[in-house]
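Before any comments, here is the structure.
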2 protein chains.
Amino acid sequence: MTLIKPFRELCAEHGIAVTHQRQVLYEVMQGMDGHPSPEEIYARVKRKIPSISLATVYKNIHLFVESGVLREVSLHHGSQRLEMNAEEHHHLVCSKCKSIEDIDESSLGALPKRRKLADGFLVERYSVDVIGICAKCQ
Amino acid sequence: MTLIKPFRELCAEHGIAVTHQRQVLYEVMQGMDGHPSPEEIYARVKRKIPSISLATVYKNIHLFVESGVLREVSLHHGSQRLEMNAEEHHHLVCSKCKSIEDIDESSLGALPKRRKLADGFLVERYSVDVIGICAKCQ
DNA sequence: CAAATAAACAGTAATTATTACTGTTCAATA
DNA sequence: TATTGAACAGTAATAATTACTGTTTATTTG
């Protein structure tokens, strides 16, 4: 039996107001697994609240992410960025301003050895995002 | 003095044809640092080849990435994805089909200790993409 | 309790990023 | 030199997201 914290409580903790749309949105999302897109979430929520607007879904997903109620798969979504640093390296990513700074592989420390991680998945390389707050944003 | 491998040679290695546009595009990109977007690259290339089309820039960036001439910052660009797995985990990302599978933190192995990584960057967490080829794509 | 106020909402327009399409040019080869 | 396919420029179309506008809702205050 999973202990599900009441939504109202979750909102209080993260300092956001409770609305009907947000509650349903949150519950529907909890019922999905994997890594759904806003459109996919919208399609599901629409079954419960047919009048809901796509814009509301976007706005509230954004609000949930901002307030820390849930996470996005990657901070790098949006437009494509090309990597001009040919050295093996990783990234410091600011969760506020989304800025990206390179850190070279060695300065990160030893990464786990590449081994069998999943059935048949052929590992090429690791890409590590160190997520946090950059100097400017603090 | 950096040894720059001639572009023709690079193309031969990666099995793509040499054209004037590609050569200039590549050289301009080498002269940029950080993590430029296609639009930013386009703006620069336009100074050398004013008649170049944005579509050509996109197509050739895509070709470079596909053929391994250069890399993109993240395989997760595009539409936003939400994380429904509340456990601490990381991702197996297929470089062909871009599919994402979760692996929990423990199965990855010990990550380096969080320590001072850069001036004033406050580390919150690590997000690791294990990049490779999934079973289906092999 | 009623009026005022602000936040949230639905619906839609606009913007941004990217891809698709079409006719033309180019480059290698027969 | 004629042929042929890939690459190109220019533009239309699509996808993802955000902005905008008028309405509804919830809360606070007189």
Side-chain angles (χ1 to χ4, degrees), chain A residues 7-8 10-12 14-29 35-67 69-70 72-82 97-98 100, chain B residues 7-8 10-12 14-29 35-67 69-70 72-82 97-98 100:
Chain A
F7 183 66
R8 328 187 63 79
L10 196 66
C11 286
H14 291 89
I16 69 176
V18 181
T19 72
H20 178 60
Q21 282 85 343
R22 280 174 199 168
Q23 173 132 27
V24 174
L25 176 62
Y26 181 78
E27 280 161 9
V28 166
M29 290 180 79
H35 313 92
S37 67
E39 283 282 353
E40 287 163 356
I41 294 164
Y42 171 61
R44 290 251 198 152
V45 177
K46 224 173 154 54
R47 304 210 291 248
K48 304 243 171 154
I49 311 179
S51 69
I52 203 167
S53 164
L54 177 58
T56 299
V57 170
Y58 267 102
K59 265 195 10 161
N60 285 322
I61 288 174
H62 198 248
L63 180 72
F64 288 162
V65 171
E66 288 286 285
S67 65
V69 171
L70 54 84
E72 47 194 342
V73 168
S74 165
L75 298 182
H76 300 294
H77 76 92
S79 89
Q80 187 186 35
R81 292 306 168 105
L82 284 306
C97 70
K98 318 294 194 229
I100 304 166
Chain B
F7 182 66
R8 328 188 62 81
L10 195 66
C11 286
H14 291 90
I16 68 176
V18 181
T19 71
H20 177 60
Q21 282 85 343
R22 280 175 198 167
Q23 172 130 26
V24 173
L25 175 62
Y26 181 79
E27 280 163 8
V28 165
M29 290 179 80
H35 313 92
S37 67
E39 282 283 353
E40 286 163 357
I41 294 164
Y42 172 61
R44 289 250 199 153
V45 177
K46 222 172 156 56
R47 304 210 291 247
K48 303 243 172 152
I49 311 179
S51 69
I52 202 167
S53 165
L54 177 58
T56 298
V57 171
Y58 266 102
K59 266 194 12 156
N60 285 322
I61 287 175
H62 197 248
L63 180 73
F64 288 162
V65 170
E66 289 287 283
S67 64
V69 171
L70 55 85
E72 47 194 340
V73 168
S74 165
L75 299 182
H76 300 294
H77 76 94
S79 90
Q80 187 185 35
R81 293 305 168 104
L82 283 307
C97 69
K98 317 294 193 230
I100 304 167

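Chain A is the first sequence line, chain B the second, and so forth, proteins listed ahead of strands; every chain is numbered from 1. For clarity, every value in this text was computed on a predicted model and none was experimentally measured.
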Report summary line: The reported gap from CD in B:Glu40 to CZ in A:Arg81 (rounded to nearest 0.5 angstrom) is 5.5 Å
Report summary line: In 5'-to-3' order, the base (B), backbone-only (S) or no-contact (-) status of each nucleotide in nucleotides 25-30 of chain C, using a 4.0 angstrom heavy-atom cut-off, is ------
Query raised in the report: If you round to the nearest 0.5 Å, how far is NZ of A:Lys48 from CD of A:Gln21?
Result: 14.5 Å
**Report entry** d(NE2, A:His77; P, C:dT18) in whole Å
**Finding:** 13 Å
Query raised in the report: With A:Glu72, which residues qualify under side-chain hydrogen bond (donor to acceptor under 3.5 Å, both in side chains), at least two apart?
Result: A:His77, B:Gln80
Requested in this report: Go through DNA chain D in 5' to 3' direction and return only the first and the last nucleotide with some atom under 4.0 Å of chain A's heavy atoms.
Outcome: D:dA16 to D:dA19
Requested in this report: Hey, could you give me the CD/CG distance between A:Glu39 and A:Leu54, rounded to the nearest 0.5 Å?
Outcome: 5.0 Å
Query raised in the report: Please, which pairs that meet side-chain hydrogen bond (donor to acceptor under 3.5 Å, both in side chains) have at least one residue in residues 51-62 of chain B, sequence neighbours excluded?
Result: B:Arg22-B:Asn60
Query raised in the report: Just how far is it from atom CD1 of A:Ile61 to atom CE of A:Met29, taken to the nearest 0.5 Å?
Result: 5.0 Å
Report task. Please determine which of A:Ile49, A:Val28, A:Leu25 meets the side-chain contact (heavy atoms from CB on, under 4.5 Å) test together with A:Val57. Result -> A:Leu25
Report task. Could you pull out the closest heavy-atom pair between A:Tyr42 and A:Ile52, with the gap in Å? Result -> CE1-O, 3.6 Å
**Report entry** Nearest-0.5 Å distance, CG of residue A:Leu70 to CG of residue B:Leu82
**Finding:** 5.5 Å
Query - B:Arg22 vs B:Gln80, nearer the 5' end of DNA chain D by closest nucleotide - result: B:Arg22
Report task. Would you kindly give the OH-to-C1' distance between B:Tyr42 and C:dT16, to the nearest whole Å? Result -> 15 Å
**Report entry** Interface residues of residues 45-60 of chain A with DNA chain C (non-hydrogen, below 4.0 angstrom)
**Finding:** A:Ser51, A:Ile52, A:Ser53, A:Ala55, A:Thr56, A:Asn60
Report task. Applying side-chain hydrogen bond (donor to acceptor under 3.5 Å, both in side chains), name anything that partners B:Gln23, two or more places apart in sequence or on another chain. Result -> B:Glu27
